[in-house]
Amino acid sequence: MFARSAIATRSAAPALNVAGQSRNMATLKEIQTRLKSVTNISKITASMKMIASTKTTRAQRAMNVARTYGQVSNDFAKQADAKKAEGAKELLITVSSDKGLCGGIHSSLARYSRKYLAENPEAPAVILGDKAKAQIQRVYPGNIQYSFNQIGSTIPTFEETSTIASTILNDKSIEFDNAKLVYNKFVSAIAFESDVIDVYPISQIVEAPNFTAYEYQDEILENLNEFLFANSLHWALVEGHAAEMAAKRTAMENATKNAGDMIQKLTLQYNRGRQAVITNELIDIITGASAL
């Protein structure tokens, strides 16, 4: 009776080992598949980081030029001592883009815009870029008067900006006295912050106390109004693009590092599982040899 029990016990053991080896092999195959996918993702993010680095350098050059012209427009209004009239109606313009994979750069703009619209529920809004539009439209769909897309793939040109500015200014259904441009200010290659550019209409600048120091002709005031508006808008667009490219480079660098850490962990896990399979096979061989 004892002999039969021993034989039954020996015959059951190999079946358990085979099942364990099958499970280990399946797990190793899953780890190997995941390791390949993470490695491919790491290559993609590394390539995107290199592309973003090149685009950031170009965008910074364009930003320096646009910022110079934009600050001249702002200084012109400041030297004239133009101020927002009491009870003036403001137009909110959120300067975003259509592209993602750049961290929370669009969320900060949407957060600021939602806060402003919560405080000014009657204010009209114009959204540049689909990313900010998707977040603002969920809460304040009735405030959005215009939305523009196909923005952010390349460095914005002044021609594109002028078209957007003319569309806004020529639409008589949008009534506003001042414009508030919300954009991403480029602080450094790894930092940005949401900032605001206040745009005053030429009617308020002409009535400013220090504007009498300038000599001008009445027929050029309308053109000057459009130029000042387009100039400030171009500054916000180009600087926002530079901040986005820098944020994308940082995001892709972090993604590449995280993928590298995951590859190390998966490689270690795969090696341990492989070693366990080899050890179990050796134990089976030794056990079988001992039984003979």
Side-chain angles (χ1 to χ4, degrees), residues 12-60 96-112 114 129-135 138 152-154 184-194 240-290:
L16 291 173
N17 287 337
V18 169
Q21 288 176 9
S22 300
R23 284 197 300 270
N24 287 335
M25 291 302 292
T27 305
L28 287 175
K29 203 166 190 179
E30 291 171 1
I31 294 173
Q32 195 173 22
T33 303
R34 192 177 180 190
L35 190 58
K36 286 181 180 179
S37 65
V38 174
T39 303
N40 292 334
I41 292 172
S42 176
K43 292 176 182 178
I44 293 171
T45 54
S47 301
M48 293 179 70
K49 176 196 167 186
M50 293 177 63
I51 294 170
S53 299
T54 305
K55 288 186 176 181
T56 301
T57 305
R58 296 175 183 171
Q60 280 185 267
S96 178
S97 74
D98 301 335
K99 301 294 182 180
L101 299 176
C102 48
I105 194 166
H106 302 302
S107 299
S108 60
L109 289 176
R111 198 160 42 243
Y112 183 95
R114 288 198 302 266
D130 288 337
K131 287 295 179 180
K133 177 189 173 184
Q135 299 183 45
R138 288 197 295 266
S153 56
T154 57
N184 285 310
K185 181 181 179 182
F186 183 92
V187 179
S188 67
I190 58 173
F192 65 90
E193 62 183 12
S194 298
H241 177 74
E244 181 186 347
M245 290 300 105
K248 182 171 289 188
R249 180 178 64 178
T250 303
M252 291 301 103
E253 183 178 3
N254 293 335
T256 305
K257 287 181 180 178
N258 292 337
D261 294 340
M262 191 175 291
I263 287 171
Q264 289 182 355
K265 292 178 181 179
L266 289 173
T267 302
L268 182 61
Q269 188 178 357
Y270 177 81
N271 291 338
R272 285 177 177 173
R274 180 66 178 161
Q275 189 65 40
V277 170
I278 294 172
T279 303
N280 289 335
E281 289 177 353
L282 290 173
I283 290 172
D284 291 341
I285 293 171
I286 295 170
T287 303
S290 301

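Note that the CG atom of N271 and the CD atom of Q275 stand 8.5 Å from one another [nearest 0.5 Å]. Separation of atoms OG (S97) and NE2 (H106) is listed at 3.5 Å; rounding is to 0.5 Å. The distance from atom NZ of K265 to atom CG of D261, rounded to the nearest 0.5 Å, is 6.5 Å. A distance of 11.0 Å separates OG1 of T39 from CE of M262, quoted to the nearest 0.5 Å.
Summarising the geometry of C102 relative to A247, their closest heavy-atom pair is O-CB, 3.6 Å, with the distance given to 0.1 Å. The two residues F192 and S108 have their closest heavy-atom pair at CE1-OG, 3.9 Å. Counting all heavy atoms, side chain and backbone alike, T154 lies closest to H241 at O-CE1, 3.6 Å. Closest approach of A59 and A242 over heavy atoms only: CB-CA, 3.7 Å. In terms of heavy atoms, I263 sits closest to S42 at CD1-CB, 4.2 Å. Nearest heavy-atom pair, L101 versus M252, reported as atom, atom and distance to 0.1 Å: O-CE, 3.7 Å.
A donor-acceptor pair is defined here as one N or O able to donate and one able to accept, closer than 3.5 Å; such a pair exists between the side chain of N184 and the backbone of I105. Using a distance-only test at 3.5 Å, with no hydrogens or angles considered, no donor-acceptor pair links the side chain of D130 to the main chain of D98. Put simply, the side chain of T56 gets close to the backbone of M245: a donor and an acceptor are under 3.5 Å apart.
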Contacts under 3.5 angstrom, residues 31-38 side chains, donor-acceptor by atom type, not counting sequence neighbours:
from : atom 1 : to  : atom 2 : distance (Å)
T33  : OG1    : K29 : O      : 2.9
S37  : OG     : R34 : O      : 2.7

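Taking the side chain as every heavy atom from C-beta outward, T45 and K49 never approach each other to under 4.5 Å.
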Q269 vs L266, side-chain contact (heavy atoms from CB on, under 4.5 Å): CA-CA, chis, key distance, verdict: CA-CA 5 Å; Q269 188 178 357; L266 289 173; 4.0 Å; yes
From CA spacing to verdict: side-chain contact (heavy atoms from CB on, under 4.5 Å), R274, I278: CA-CA 6 Å; R274 180 66 178 161; I278 294 172; 4.1 Å; yes
Steps toward side-chain contact (heavy atoms from CB on, under 4.5 Å) verdict (Q135, S107): CA-CA 8 Å; Q135 299 183 45; S107 299; 3.7 Å; yes
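Under the salt bridge (Lys or Arg N to Asp or Glu O under 4.0 Å) criterion, the residue pairs touching residues 248-259 are E253-K257, with sequence neighbours excluded.
The neighbour count for L282 CG, taken as heavy atoms of other residues, nucleotides or ligands under 6.0 Å away, is above 12.
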